[in-house]
Amino acid sequence: MSQRTKHTPKREETSPEPEEKGGEAATERAKKVREEADDILDKIDEVLEKNAAGFVKSFIQKGGE
Amino acid sequence: MHRRIIGLESEYGFLFINRGERIFPSERALEYLFQGIMPNSWSRDAFLPNGARIYQDTGSHPEYSTPECDSVRDVVLFDKAGERILSKAAERVDRLLLREGIEGEVHVLKNNTDSAGNSYGCHENYLIDRNVTFWRLSRSLIPFFVTRQIVSGAGGLVRDSEDHVRFVISPRALHIREKISCSTTSSRPIINTRDEPHSDPQKYRRLHIIVGDSNMSEVSDLLKVATTSLVLEVVEAGGISDRLSLEDPIAAIRTISEDPSLSARVRLESGKEMTAIEIQRAYLEACQEYFVREKTEDSVRDILNLWEKILGELSRDDESLGREIDWVIKRRLLERYMKGRHHGLDDPETAMLDYQYHDVDEKRGLYNLLLRQGEVARIASDREIDAAMVSPPRTTRARLRGEHIRAALADHRSFTADWTYMRLNDTPQETFFWMDPFCATEP
């Protein structure tokens, strides 16, 4: 359990993404790509939001082959 | 390319997460999983109407063997069908748990390593001619298997004893200790000497490869078995020999797995040093030369072209690899997630993502999420995979097994099946023998 405190997620407020320059079409495209990417990250969060540390620790198989 | 019988065995990781207060043993959840697949509720080992075998492996996890296939595309279809059979069974377990008031769910993961450092395999079987000299064959193939991970590695995170986490191309490769042996657990080899051809042993032997990763990506899965079949045929015909033999294959397989930049060089017995891409290219060229001479059919040309395309993309770290090759798809997903959520490699969320990539569940599985979003390249269609869940391959003896099992189940008749025979247990105990795996019609 002491391990869990070591892995506190490092969330930051500021976005490191620079704004795209160039034509409107390129900006639109970039926006769309970003939205889709965020959409996937949100969906990943839905899968991972539960106790990730607990999940990983309990994923032990007794061998086989 | 001549006809060859090929099959894949995949051991799946199994995890029951209990979120509630009530105690519910993991073994019960696994029992529910098998009940959703097996014709007999008490059974832990059965052949299915698609000709495949599913059973509980030692260590309480499910193992699925594809039926005998004689085309590499069929191998991918039936391997994927296995994932979906388990996914449907897992969904059923979750519903049963809910009904019993148990707060929790089961996860079935098509991967090869757990968080305690255990490994379980994806075993490939290729039927080969009994008369081929096994040591020469093995010697010619080992550099191929050492480097094949760059197209078929699953990618994964490894935590060392000092808690540093790193990404490797093939998690399985780090568990390989020998070139050839009969072991599968204590000292895992690249080539296992288990020789059960499940057919006439005077004509055939089994080539049992246990070095590979299980694949989620259909492209990696196809390339794994397709390039192996091509190389095997060239070696059987006397080509390649030992000119690519490595000074230390076991050190080399690690070096390559530990180097996602693909720049590491490994030393050959000749003293020459080559990258994994260069060694794969040498095998590709030998296959191109051989099969062009043999007047290649289109399906072989397609495989050669795909292999060449992927090696080219690997050499320039091409963008499209992130849609095609398992370890690159996963690596880019990890990077995207870590960047977007400000996580490090050693955070538990990142570790869980590494596992959830392999979850066979259509919603929780992250590879499946990418697939639904149209972000990965495909070999098979959903319709074909769904068909392969219930119908056997049409061109091998699996067809006979599948059809007889379907009929027996429909008539509620008890039966005993194995790879080479099937017996109906009611009198007069009618038994069918299918010794020839290439024969898809009743003898």
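Chain letters run A, B, ... following the sequence lines, proteins first and then strands; every chain starts at 1.
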Give me the atom names and distance for the closest heavy-atom approach of Gln373(B) to Ile40(A). CG-CD1, 3.8 Å
Taking every non-hydrogen atom, the tightest pair across Ala52(A) and Met352(B): CA-SD, 3.7 Å
In terms of heavy-atom contacts, Leu41(A) and Gly340(B) come closest through CD1-CA, 3.7 Å
If you compare all heavy atoms of Leu369(B) against all heavy atoms of Lys43(A), which two are closest, and at what distance to 0.1 Å? CD1-CD, 3.5 Å
Could you walk me through whether Arg341(B) and Asp42(A) pass the salt bridge (charged side-chain N to carboxylate O under 4.0 Å, His left out) check? CA-CA 10 Å; Arg341(B) 293 294 183 260; Asp42(A) 290 343; 2.8 Å; yes
Non-hydrogen atoms of Gln356(B) and Val47(A) that approach each other most closely: NE2-CG1, 3.6 Å
Just jot down the side-chain hydrogen bond (donor to acceptor under 3.5 Å, both in side chains) partners of Ser217(B), sequence neighbours excluded, or say none. none
Output all residues satisfying ring-ring contact (aromatic ring centres under 6.0 Å, His included) with Phe59(A), sequence neighbours left out; order by chain, then residue number. Tyr355(B)
According to salt bridge (Lys or Arg N to Asp or Glu O under 4.0 Å), who are the partners of Glu9(B), at least two apart in sequence or on a separate chain? Arg206(B)
Ile210(B), Leu370(B), Leu109(B): which one forms the most heavy-atom pairs within less than 4.5 Å of chain A? Leu109(B)
Check whether any side-chain heavy atom of Ile44(A) sits under 4.5 Å from a side-chain heavy atom of Glu349(B), and report yes or no. no
Give me the atom names and distance for the closest heavy-atom approach of Val56(A) to Pro348(B). CG2-O, 3.9 Å
Engaged part of Thr113(B) at the chain A interface, taking heavy atoms whose separation is under 4.5 Å: backbone
When only heavy atoms count and the cut-off is under 4.5 Å, which of residues 12-21 of chain B reach chain A? Tyr12(B), Gly13(B), Phe14(B), Leu15(B), Ile17(B), Arg19(B)
